[in-house]
Structures are given as structure tokens and as C-alpha cells.
There are 2 protein chains.
Amino acid sequence: MKISFIGSGNLAWHLAQKLEKSDHQILEVYSRTLPNALALCEKLYQARAITHLNLSDSKAGLFIFSLSDDILPQIIEQIDLPENCMAVHTSGSQPLNVFSGLKNKKIKTGVFYPLQTFSKNKKVNISNIPFCIEASDRETHKVLSEVAASLSQKVFSIDSRQRKQLHIAAVFACNFVNFLWWAAQDILNKEKLPFHLLYPLIEETYKKMMETGPEAAQTGPARRKDLKMISQHLDELSKQPDYQKIYHLLSRLILEKYK
Amino acid sequence: MKISFIGSGNLAWHLAQKLEKSDHQILEVYSRTLPNALALCEKLYQARAITHLNLSDSKAGLFIFSLSDDILPQIIEQIDLPENCMAVHTSGSQPLNVFSGLKNKKIKTGVFYPLQTFSKNKKVNISNIPFCIEASDRETHKVLSEVAASLSQKVFSIDSRQRKQLHIAAVFACNFVNFLWWAAQDILNKEKLPFHLLYPLIEETYKKMMETGPEAAQTGPARRKDLKMISQHLDELSKQPDYQKIYHLLSRLILEKYK
């Protein structure tokens with residue numbers, strides 16, 4: 001497949017190289033800042049770095065928009081694409097119909113969303129990453145599924161509404177989880193205790209959840225309905241009212257699970 | 001060292017066997033229910049299962065109370081121990097002075113708290129577990145530190161006040177973290193999406209935090225100060241008011257970190 005990238009960020013960086021290794025051909029890499037586009041092209045066989053959006057003569061059949069959510073709509077409005085190509089984005093939070101802003105209404109559109117975080121200087125095992133596919137039509141869906149399957153064993157059809165909930169679930173399971181680790185570190189540091197004291201327990205918690213799922217893995221004072229200990233802990237947290245609020249809310253919700 | 005166990009639960013189960021492997025001698029295992037004490041004694045060389053608390057003739061120098069928090073105080077009041085022995089408990093939430101209930105006030109006391117969860121049928125790598133030590137006197141502290149060091153490379157002096165905060169931090173980093181995974185599963189299942197979609201992202205989140213610490217690993221809409229997306233997500237969660245509360249509280253606290 002002949003593919004061009006609109007955007008040269010972390011995700012484009014990994015995806016373009018992996019696609020080439022899977023025998024796809026990267027023709028163009030667009031970035032507003034030429035050095036960024038050039039840096040990625042240096043990693044590729046024959047891709048051209050471009051800073052303009054007139055791509056109506058491009059030979060690519062698939063355009064992958066890998067841009068931040070705030071820029072995506074305006075780039076879609078500005079770009080000129082060839083007839084009969086496919087335009088897809090890689091965003092977890094943008095709906096498929098963000099492409100309704102395209103000048104050429106005949107272009108087929110889709111979403112090609114790999115559910116993972118990417119950093120340029122960190123290797124990723126792409127074959128393990130779930131690819132979430134959505135498309136304006138059956139043919140595009142088939143093409144995107146095949147491209148995803150050439151990279152990963154895990155390909156899922158996920159519509160825009162599901163993708164939004166998936167993104168929210170990821171915020172809970174990753175961003176908020178990380179923040180609770182941060183809060184735990186903060187609580188320990190106030191007592192001059194090192195956070196690494198908790199590493200073995202955190203590791204075990206993670207492994208147990210992956211083995212049994214979160215419901216069976218739930219433990220702790222609220223799970224045991226140990227109201228006395230919960231109330232002691234809330235007292236102890238009286239000087240840290242924000243952490244007290246977290247403790248109160250999450251303990252209440254766990255208690256309600258076992259009513 | 002000659003050691004007896006008061007209690008035969010999950011922790012006693014692992015600890016007694018590991019102590020024997022480290023050349024300590026287990027003399028008695030007390031349980032209110034004989035079969036429980038017998039089951040553990042079968043795993044040991046020469047320990048006797050007992051159901052009474054008159055241990056004043058015991059040859060043990062160290063008594064490890066490994067009991068649930070609600071039973072510990074009453075067993076301490078009932079037990080008879082030999083002169084000049086040491087009595088320690090393994091609880092993260094009980095203070096050292098829970099032993100003030102002992103009949104014989106001359107007995108030296110301590111806390112011997114391994115910071116890990118234990119299940120009988122699951123192997124543990126005890127050498128990696130942090131042991132938190134507290135003692136009524138310098139000599140007991142030295143003995144407990146040596147016993148802990150015979151099991152693990154990680155031995156820490158932690159007083160009762162610190163241990164309480166450590167326990168609260170563990171609730172955040174483990175129990176509450178697991179509940180957020182459960183919430184994420186719930187959000188996905190409502191959209192008929194499987195939770196395992198998030199496994200690679202959860203794994204990466206865990207690994208990144210362990211590599212860089214939670215502050216550097218923080219990502220997500222609140223980290224990026226993406227108020228538009230936060231407000232969209234809160235709207236999406238309007239039918240799940242409890243999850244909306246979690247989202248609101250944790251996003252606010254993350255935003256405040258980057259003010």
C-alpha cells in the first residue's frame with residue numbers, strides 16, 4: 001500500500017517505520033516544521049518531507065493524519081487530496097465525522113487508532129498493540145483492517161461512540177492510576193519514607209489483577225468492610241483534605257460493590 | 001532462633017516455612033482451630049500444633065503474632081508467655097503498644113511487618129519483600145533486624161506512626177488503583193468492549209511509572225491542561241455520576257499539580 005503521513009509526531013514516527021517493515025511504501029511526510037518531517041524521512045527509504053498541504057497529485061492511496069486534536073480539524077479543512085484516496089486519523093477522541101470538513105466529499109474516511117502511548121526514543125512491540133478501526137464504508141474498513149493486521153495480531157472494530165468510552169476508560173486505568181501512585185509517594189515522603197517500599201506490593205497488585213481481573217483482585221479495608229479502619233485512616237488524613245476526599249469517595253464506592 | 005507462631009493464616013504459612021529454611025526452629029503453632037495449626041505443622045520439621053494459650057513453659061525466644069487486627073488484642077490479653085521472651089506482631093495497622101495488654105509487663109515487644117500480600121497457594125519471593133521493624137528496646141530491634149535480614153535484603157526501621165501512613169499509602173497505591181481498573185472495566189463493558197483492550201496500555205503505564213516514578217510518568221487530559229476534553233468526558237459520564245465524581249476530583253488534583 002502507498003501511504004502518506006500528515007504529521008510527524010511520536011505516533012507517526014513509530015507507525016511509518018513499522019509500516020515500511022511490513023512492506024508498505026511511505027511516499028510523503030507532512031509537517032508544518034520541515035526539520036521534523038525530515039527527521040522521520042531519514043528513517044525511511046524514499047519518503048519526501050513536505051510542508052505544504054496541496055497533495056492532490058500524490059500517488060498515495062492512504063493518508064494517515066497523525067496530529068494533535070486541536071490541529072486536526074483545521075488541517076482537514078486546508079488539505080487537498082487526490083480523488084478516490086482514503087483519509088484516516090489516529091486519534092482516540094476525535095469522531096470519524098471530523099473528516100466532514102474535507103473539501104473533496106468523495107474521499108473515503110476512517111479511524112486507525114492504536115491503543116498505546118508512544119515516545120520517540122522508546123521501542124514498542126507493535127504486534128501486541130490493539131488497533132481500533134472505524135470506516136465510512138465497507139471497502140475502507142477492509143483495507144484498514146488489512147493494514148492493521150500487517151502490524152498487529154489485535155484488530156478491533158470500534159465505532160466513534162465506543163472509542164470515546166474507551167478513551168475515558170483509559171484515563172481511569174492509566175492516568176488516574178498513575179496519579180494515585182503519585183499520591184502514595186507524596187504520603188510516604190511526608191513521613192520521610194521512600195516510595196520504593198511499595199514497589200513489591202504494587203507489582204503484586206498489578207500481576208494479580210492481570211491474572212484474575214480487578215473484581216477478584218480487590219482487597220483492602222473497604223473490601224473487608226472494615227469500617228473502623230476506614231474511619232481511622234480518614235482521621236489520619238485530616239491534614240490532607242484532598243487525599244481524604246479520594247479515600248472517602250473510593251472507599252464508599254468499593255463498600256457499595258459489596259452491599 | 002527458636003520461634004513460635006500465634007496464628008496460622010496466610011502470612012504465618014509462608015513466614016514459618018521460610019524461617020525454617022533460614023535455619024530458625026519453629027517450636028509451636030497456635031490456632032483456635034486445630035486443623036489449621038496442624039496443616040501448617042505438617043509443612044514444618046518439628047513444630048507442635050496447639051490450641052491453648054498457656055505458653056509459659058515454651059522454649060521459644062520469639063513469639064510471632066500473625067493474627068487479624070480484631071483478634072490480636074484479645075489474644076494478647078489471654079496469652080501466658082515465658083519470662084524474657086520477645087513478642088512481635090505482623091500487622092501494618094496495629095501500633096507497637098497493642099502489647100501493653102500482656103499480663104507479663106517485662107516481655108520485650110516489637111513489630112515484624114512484611115509489606116506484601118500473601119495467599120497460601122501462591123509462591124512468594126520473600127527476599128524481595130521489605131520488612132518493617134519496630135521494637136520496644138535496642139536489643140529486640142537488633143534481633144528482629146537479624147531475623148528479617150535472614151529472609152530478605154530489605155529491612156527498614158519504621159515506627160508506629162510511619163507504619164500507619166505506609167498502610168494508607170498502600171491503600172492508595174494498591175486497593176484504590178485496583179478499583180480504578182475495575183471502574184475502567186465497567187465503563188468498557190457497558191459499551192460491550194472487552195477489558196483486555198487496555199492491557200497493553202496498563203502494562204506500559206505500570207512499567208513507565210516503575211522506571212521514571214509517578215511524577216514524570218503522569219500523562220492524560222489533565223496533565224496537558226486539556227480543559228475542553230475534560231469537560232467532554234465529564235458530559236459523557238453524566239449517566240454514571242460516581243465515575244463522574246472520580247473523574248472530576250482526580251482531574252482537579254492533577255490540574256492543581258501543574259498550576
Side-chain angles (χ1 to χ4, degrees), chain A residues 69 93 115-117 128-130 156 158 162 164-166 168-185 187-188 190-191 193 195 197-202 204-206 209-210 213-215 217-223 229 233 236-237 242 245-246 249-250 253-254, chain B residues 69 93 115-117 128-130 156 158 162 164-166 168-185 187-188 190-191 193 195 197-202 204-206 209-210 213-215 217-223 229 233 236-237 242 245-246 249-250 253-254:
Chain A
D69 284 347
S93 48
L115 191 54
Q116 185 55 284
T117 54
N128 194 35
I129 294 175
F156 297 88
I158 308 273
Q162 288 176 314
K164 214 173 263 178
Q165 295 296 321
L166 182 55
I168 292 173
V171 171
F172 277 72
C174 301
N175 308 149
F176 290 166
V177 157
N178 184 78
F179 180 71
L180 291 186
W181 286 327
W182 196 357
Q185 181 184 46
I187 290 167
L188 290 178
K190 284 198 173 75
E191 291 292 329
L193 293 169
F195 182 48
L197 267 176
L198 287 179
Y199 281 8
L201 201 56
I202 290 173
E204 189 65 22
T205 303
Y206 165 73
M209 189 285 284
M210 290 298 248
E215 184 165 356
Q218 188 65 54
T219 55
R223 170 68 187 91
M229 185 172 293
H233 283 173
E236 289 280 331
L237 288 169
D242 287 330
K245 273 184 199 132
I246 295 176
L249 176 59
L250 296 182
L253 296 180
I254 296 170
Chain B
D69 284 348
S93 47
L115 192 52
Q116 186 56 284
T117 54
N128 194 34
I129 294 175
F156 297 89
I158 308 271
Q162 288 176 316
K164 212 172 263 177
Q165 296 295 320
L166 181 55
I168 292 173
V171 171
F172 277 73
C174 301
N175 307 151
F176 290 167
V177 157
N178 183 77
F179 180 72
L180 290 186
W181 285 326
W182 196 357
Q185 182 184 46
I187 290 167
L188 289 178
K190 284 198 171 75
E191 290 292 330
L193 293 169
F195 183 47
L197 267 175
L198 286 180
Y199 280 9
L201 202 56
I202 289 172
E204 189 66 21
T205 302
Y206 165 73
M209 190 284 284
M210 289 298 247
E215 184 166 357
Q218 188 64 55
T219 56
R223 170 68 187 92
M229 184 171 294
H233 283 175
E236 290 282 331
L237 287 170
D242 287 330
K245 272 183 200 133
I246 296 176
L249 175 59
L250 296 182
L253 296 180
I254 297 170

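Lettering of chains follows the sequences in order, A, B, ..., and the numbering in each one begins at 1.
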- Task: Indicate the atoms forming the closest heavy-atom contact of B:Asp69 with A:Met229, along with that distance.
- Result: OD2-CE, 3.2 Å
- Query: Which heavy atom of B:Ala184 sits nearest a heavy atom of A:Ala169, and at what distance?
  - Reply: CB-O, 3.4 Å
- Task: Would you mind reporting whether A:Leu198 and B:Leu166 have side-chain heavy atoms less than 4.5 Å apart?
- Result: yes
- In Å and rounded to the nearest 0.5 Å, what is the CD to CD1 distance from A:Gln165 to B:Ile187? 7.0 Å
- CG on B:Asn175 to CG on A:Leu180, rounded to 0.5 Å: 11.0 Å
- Message: Please classify the contact of B:Val177 with chain A as side chain, backbone, both or neither, using a heavy-atom distance under 4.5 Å.
- Response: both
- So which of B:Ser93, B:Ala183, B:Ala217 has the largest heavy-atom pair count under 4.5 angstrom toward chain A? B:Ala217
- Note on the structure: Taken to the nearest 0.5 Å, the spacing of B:Phe176 CZ from A:Leu249 CG works out to 9.0 Å
- Give, as side chain, backbone, both or neither, the part of B:Gln185 having an atom under 4.5 angstrom from any heavy atom of chain A. side chain
- At a heavy-atom separation under 4.5 Å, does B:Ala170 approach chain A through its side chain, its backbone, both, or neither? both
- Item | Partner residues of A:Glu191 under the salt bridge (Lys or Arg N to Asp or Glu O under 4.0 Å) criterion, sequence neighbours left out | B:Arg161
- One option among B:Ile129, B:Thr117, B:Asn128, B:Leu197 has the most heavy-atom pairs under 4.5 Å with chain A, and it is B:Leu197
- Item | Spacing of B:Ile158 atom CD1 and A:Leu193 atom CG [to the nearest 0.5 Å] | 4.5 Å
- Message: Is there a side-chain contact between B:Ile202 and A:Met209 in this structure, where contact means two heavy atoms from C-beta onward sitting under 4.5 Å apart?
- Response: yes
- Message: Which one wins on heavy-atom pair count under 4.5 Å against chain B: A:Leu237, A:Leu201, A:Ile254?
- Response: A:Leu201
- Task: Mark yes or no for whether A:Trp182, through its side chain, and B:Glu215, through its backbone, hold a donor-acceptor pair below 3.5 Å.
- Result: no
- Message: Can you tell me which portion of B:Phe179 sits under 4.5 Å from chain A's heavy atoms? Options are side chain, backbone, both or neither.
- Response: both
- Query: Can you tell me how far the OH atom of A:Tyr206 sits from the OG1 atom of B:Thr205, to the nearest 0.5 Å?
  - Reply: 9.0 Å
- Interface residue of largest heavy-atom contact number with chain A, from B:Val171, B:Leu253, B:Leu188, under 4.5 Å: B:Leu253
- How are the rings of B:Trp181 and A:Trp181 set relative to one another: parallel (under 30°), tilted (30 to 60°) or perpendicular (over 60°)? perpendicular
- Query: From A:Cys174 SG over to B:Glu204 CD, what is the distance, rounded to the nearest 0.5 angstrom?
  - Reply: 9.5 Å
